[in-house]
Colleague: 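Before I ask anything, here is the structure I am working with.
Counting convention: from 1, in listed order, for ligands and their atoms alike.
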Amino acid sequence: MLEIRKLSLSIPVSGQHVLAVSDVSLQLPAGKVLALVGESGCGKSLTAQSLLRLGEFQGVNKEAGDIVLHDKSLFDLSADELRHIRGGVISMIFQEPMTALNPVFTIGSQILEVIGLHTDLDKQAAYARALSLLADVGLQDGETLMKQYPDSLSGGMRQRILIAMAMAGEPEFIIADEPTTALDVSVQKRIIALLRSLQREKGMGMLLVTHDFGLVAEMADEVAVMYAGEIVEYASVTDIFDNPSHPYTQALMNCRPETARDTTELTVIPGNVPSPGSWAQGCRFAPRCSLARDVCKTHASLDVWTNDNHLARCVRVGEGA
Ligand SMILES: Nc1ncnc2c1ncn2[C@@H]1O[C@H](COP(=O)(O)OP(=O)(O)OP(=O)(O)O)[C@@H](O)[C@H]1O
Ligand SMILES: [Mg+2]
């Protein structure tokens, strides 16, 4: 189990630190897929990157809370232990396959470097392992590929190579932050199918950051909806689709082309996600919520559990509305 407990993170804005993620709790059980959804700027990537403590390199501060891997705090680990965790226990797949690969090194040298970090294999065995990792992600002509540079490959191939590299340390958990948004639609489907089959085959826990509710329905066991730095709804995938309880979740779902097919227009949520530092005083979604009342503008909503496993942060839910 990998768990985020009441985590608050701040970011640097004009010389000051302002809260960008607040009081977030998430659980990532082994072998399950948790989807994290929400509009751009809600804090999804900050939350995802915190699982590898990557934000620290970009001035992100932990203000409160903890991240616990197998009962041990990630913040108590030594630099060596943390290096082992990164890629060896928790791996990350980023949105942009080009920026994550180094253009001046061959694919082979980059894969072999990762294998070297996570295993004690000799040169020959490491080479064989690289070929088998490439085959696992559907790249058959591994020997030729190993000699090529990232530039000469398509976006889909590059993302497959990054997935192969993420698998090199046989991680227990994989963090996929919008792994397909930079790819063509047809390639997206194949990469998702690949990720899903690897996740199931190897029994990995997965945090999938996405905007795409279609993808959520296809892949996730649990769903957390994030708005302005906080989790506003958290439930099983069936509960989220059968009984979306927070007005923000409902609004997000109404924006889906599939949902809107019967109506003449796509619904749009008015206004924008507030940036960190300018969150509303009461419920953070209230300024954009068609159901908001006076109380929503003055009082922050509290978490309400509609059943043991379904959380929504909205006064109306508390009243059984
Ligand atoms: N290192 C940083 N320094 C300053 N601000 C940051 C930093 N990282 C993120 N932010 C800001 O924090 C907020 C949340 O960012 P985050 O990247 O987590 O959003 P997101 O939900 O992943 O959005 P998207 O869907 O666009 O990827 C944004 O306003 C972003 O500009
Ligand atoms: Mg992001």
Colleague: Which option wins on minimum heavy-atom distance to atom 27 (O) of ligand 1: E178, E39, H211?
Modeller: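 Looking at heavy atoms only, the winner is E178.
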Colleague: Counting heavy atoms only, which of G43, P276, S40 is nearest atom 26 (O) of ligand 1?
Modeller: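 Result: the heavy atom closest to atom 26 (O) of ligand 1 is in S40.
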Colleague: Exactly one of L207, I67, L52 should register a side-chain contact (heavy atoms from CB on, under 4.5 Å) with I90. Which one does?
Modeller: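 Per the side-chain contact (heavy atoms from CB on, under 4.5 Å) rule, the option paired with I90 is L52, out of L207, I67, L52.
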Colleague: Got a protein heavy atom sitting under 4.0 Å from atom 30 (C) of ligand 1?
Modeller: no
Colleague: Tell me yes or no: between the side chains of H17 and E63, is some donor less than 3.5 Å from an acceptor?
Modeller: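 The criterion, which ignores hydrogens and geometry beyond distance, is not satisfied for E63 and H17.
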Colleague: Nearest to atom 18 (O) of ligand 1 by heavy atom, V18, L19, L46, V60: which?
Modeller: L46
Colleague: For atom 17 (O) of ligand 1, which protein heavy atom lies nearest, and how many Å away is it?
Modeller: S45 CB, 3.6 Å
Colleague: So, for atom 12 (O) of ligand 1, does the protein have a heavy atom nearer than 4.0 Å?
Modeller: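 Neighbour list for atom 12 (O) of ligand 1 includes protein heavy atoms (cut-off 4.0 Å).
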Colleague: Taking non-hydrogen atoms only, is I11 closer than 4.0 angstrom to ligand 1 via side chain, backbone, both or neither?
Modeller: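 Side chain only; the backbone of I11 stays clear of ligand 1.
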Colleague: Parallel, tilted or perpendicular for Y227 and F285, by the 30°/60° rule?
Modeller: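 Ring orientation, 0 to 90° scale: perpendicular.
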Colleague: Measure the shortest side-chain to side-chain distance between L215 and Q188 over non-hydrogen atoms and say whether it is less than 4.5 angstrom.
Modeller: no
Colleague: Is C42 near ligand 1, meaning one of its heavy atoms is under 4.0 Å from it?
Modeller: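 Contact present.
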Colleague: Nearest to atom 23 (O) of ligand 1, what protein heavy atom do you find, and at what distance?
Modeller: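 Minimum-distance protein heavy atom for atom 23 (O) of ligand 1 reads G41 N, 2.8 Å.
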Colleague: Flag the pair R53 and E81 as a salt bridge only when some basic side-chain nitrogen lies within less than 4.0 angstrom of an acidic carboxylate oxygen.
Modeller: no
Colleague: Near the Mg ion (ligand 2), is there an N/O/S atom from S40 that is less than 2.8 Å away?
Modeller: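 So S40 does not count as coordinating the Mg ion (ligand 2).
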Colleague: Tell me the protein heavy atom at minimum distance from atom 3 (N) of ligand 1, and give that distance in Å.
Modeller: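 Ranked first by proximity to atom 3 (N) of ligand 1 is P12 CD, 3.8 Å.
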Colleague: A side-chain contact here means heavy atoms from C-beta on lying under 4.5 Å apart; do L54 and M92 qualify?
Modeller: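 A side-chain contact under 4.5 Å exists here.
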Colleague: Looking only at non-hydrogen atoms, find the nearest pair between Y234 and Q27 and report the distance.
Modeller: OH-N, 2.9 Å
Colleague: Considering only heavy atoms, does M226 approach ligand 1 within less than 4.0 Å through its side chain, its backbone, both, or neither?
Modeller: neither
Colleague: Which heavy-atom pair separates R200 from E218 by the least distance, and what is that distance?
Modeller: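 Scanning both residues completely, I find the closest heavy atoms to be NH2-O, 4.3 Å.
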Colleague: Does a side-chain heavy-atom distance below 4.5 Å link V13 with P276?
Modeller: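 A side-chain contact is absent here, since even the closest heavy-atom pair is not under 4.5 Å.
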Colleague: Closest by any non-hydrogen atom to atom 21 (O) of ligand 1: pick that one out of K44, Q58, E56.
Modeller: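 The nearest heavy atom belongs to K44.
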Colleague: With backbone taken as N, CA, C and O and side chain as the heavy atoms from C-beta onward, which portion of A48 lies under 4.0 Å from ligand 1: side chain, backbone, both, or neither?
Modeller: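 Looking at A48 and ligand 1, no heavy atom falls under 4.0 Å.
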